[in-house]
Novice: 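My questions all concern the structure below.
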Amino acid sequence: MNQENGVPVDRAPGAGEPLAVVAAAIVQQGRLLVVSKQAAPEVFYLPGGKPDAGEEPLRALHRELDEELGVEPREPRLLARIESVAALEGVPMHLTLFEARIDRLPRPAAELADMKWVSGHETDVRLAPAVTDHVLPMLRQRGSMAR
């Protein structure tokens, strides 16, 4: 894994202008919070979304978590910048990943269909490629989740 300005950058092969996305890795009791969208309820992603034009990643994270789950991130910390493929759009994606706690119990709203707390070992939950290929291994390596 490469680093830029001291932040890990995990790249997947691909070409083209990537889709910019911000997301939060929220882990409680060894489980990662994932959400599915109404447009593709069978695929689970990290909570977050696309920044508005000119919006800073951290501000976008606050807005998206409020809109999607009715929560505020607590002590968000930049964890990594990941380049992968967006599961829904099938295009290259630049994910700015924050690690955060949340201020209350999340409740799915907006375009969300469902949410789950996962260990990453479930066989009946389809996780987005960025989650399985990059986020879960990173969290396990850091000791945030069980291997």
Novice: Please check if atom CD in Glu56 has more than 12 non-hydrogen atoms from other residues, nucleotides or ligands closer than 6.0 Å.
Specialist: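 No, CD of Glu56 has 12 or fewer neighbouring heavy atoms, counting only those of other groups under 6.0 Å.
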
Novice: Restricting to non-hydrogen atoms, name the atom on Ala130 and the atom on Met93 that form the minimum distance, rounded to 0.1 Å.
Specialist: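 Closest heavy-atom pair between Ala130 and Met93: CB-CE, 3.6 Å.
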
Novice: Nearest 0.5 angstrom please: Leu46 CG to Leu32 CG, how far?
Specialist: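 Spacing of CG (Leu46) from CG (Leu32) equals 5.5 Å.
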
Novice: Any sub-3.5 Å donor-acceptor pair from Arg63's side-chain atoms to Gly49's backbone N or O?
Specialist: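 No; zero donor-acceptor contacts below 3.5 Å.
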
Novice: Working to the nearest 0.5 angstrom, can you tell me the gap between Ser84 OG and Leu19 CG?
Specialist: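 CG of Leu19 is found 11.0 Å from OG of Ser84.
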
Novice: For residues Phe98 and Val71: do they belong to one hydrophobic cluster (side chain heavy atoms under 4.5 Å, members Ile, Leu, Val, Met, Phe, Trp, Tyr)?
Specialist: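 Phe98 and Val71: one cluster.
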
Novice: Kindly compute the distance separating CG (Leu97) from CG (Leu61), expressed to the nearest 0.5 Å.
Specialist: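 Atom-to-atom, Leu97:CG and Leu61:CG are 9.5 Å apart.
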
Novice: Are Glu122 and Lys116 ion-paired here, with the side-chain N under 4.0 Å from a carboxylate O?
Specialist: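 No.
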
Novice: Might you work through the side-chain contact (heavy atoms from CB on, under 4.5 Å) test for Ile82 and Val135, ending with a clear yes or no?
Specialist: CA-CA 9 Å; Ile82 297 170; Val135 177; 3.9 Å; yes

Novice: Looking only at non-hydrogen atoms, find the nearest pair between Pro51 and Ala20 and report the distance.
Specialist: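 Of all heavy-atom pairs spanning Pro51 and Ala20, the closest is CD-O, 3.4 Å.
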
Novice: Can you check whether Pro73 reaches His62 side chain to side chain, under 4.5 Å on heavy atoms?
Specialist: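 They are in contact (side-chain heavy atoms under 4.5 Å apart), so the answer is yes.
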
Novice: Output the distance between atom CG (Leu65) and atom CD (Glu72), rounded to the nearest 0.5 Å.
Specialist: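 Going from the CG atom of Leu65 to the CD atom of Glu72 covers 8.0 Å.
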
Novice: Testing the basics here: between Pro106 and Trp117, what is the closest heavy-atom pair and its distance to 0.1 Å?
Specialist: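 Heavy atoms of Pro106 and Trp117 come nearest at CG-CZ2, 4.2 Å.
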
Novice: For Arg104 versus Gly70, what's the shortest heavy-atom pair and its separation?
Specialist: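 The pair with the smallest heavy-atom distance is NH1-O, 2.6 Å.
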
Novice: Does some side-chain heavy atom of Leu33 sit less than 4.5 Å from a side-chain heavy atom of Pro47?
Specialist: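 Pro47 reaches Leu33 side chain to side chain.
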
Novice: Please assess Glu99 against Arg142 for the test side-chain contact (heavy atoms from CB on, under 4.5 Å), listing each intermediate value before the final yes or no.
Specialist: CA-CA 12 Å; Glu99 185 173 44; Arg142 294 174 48 81; 3.0 Å; yes

Novice: Measure the CZ-NE2 distance between Arg81 and His134 for me, rounded to the nearest 0.5 Å.
Specialist: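 Arg81 CZ to His134 NE2: 15.5 Å, rounded to 0.5 Å.
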
Novice: Would you name the heavy atoms of Met145 and Val118 that are closest together and state the gap between them?
Specialist: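 Distance-wise, the nearest heavy atoms are CE-O, 3.5 Å.
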
Novice: Measuring from Arg147:CZ to Ser119:OG, what's the distance to the nearest 0.5 Å?
Specialist: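 Atom-to-atom, Arg147:CZ and Ser119:OG are 14.5 Å apart.
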
Novice: Is it the case that one hydrophobic cluster holds both Val43 and Val125, taking links as side-chain heavy atoms less than 4.5 Å apart, direct or via other members?
Specialist: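 No; Val125 is not reachable from Val43 via cluster members.
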
Novice: Are Tyr45 and Leu88 close enough that some pair of their side-chain heavy atoms sits under 4.5 Å apart?
Specialist: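 Yes, close enough: below the 4.5 Å cut-off.
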
Novice: Between Glu68 and Lys37, is there a side-chain N and carboxylate O pair less than 4.0 Å apart?
Specialist: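 Here Glu68 pairs with Lys37 in a salt bridge, since their nearest N and O are under 4.0 Å apart.
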
Novice: For Arg107, what residues pass the salt bridge (charged side-chain N to carboxylate O under 4.0 Å, His left out) criterion, not counting sequence neighbours?
Specialist: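 For Arg107, no residue satisfies salt bridge (charged side-chain N to carboxylate O under 4.0 Å, His left out) once neighbours in sequence are set aside.
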
Novice: My understanding is that only one of Ile102, Val22, Leu58, Ile26 makes a side chain to side chain contact (heavy atoms under 4.5 Å, CB included) with Pro76; could you say which?
Specialist: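 In the set Ile102, Val22, Leu58, Ile26, the residue that makes a side chain to side chain contact (heavy atoms under 4.5 Å, CB included) with Pro76 is Leu58.
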
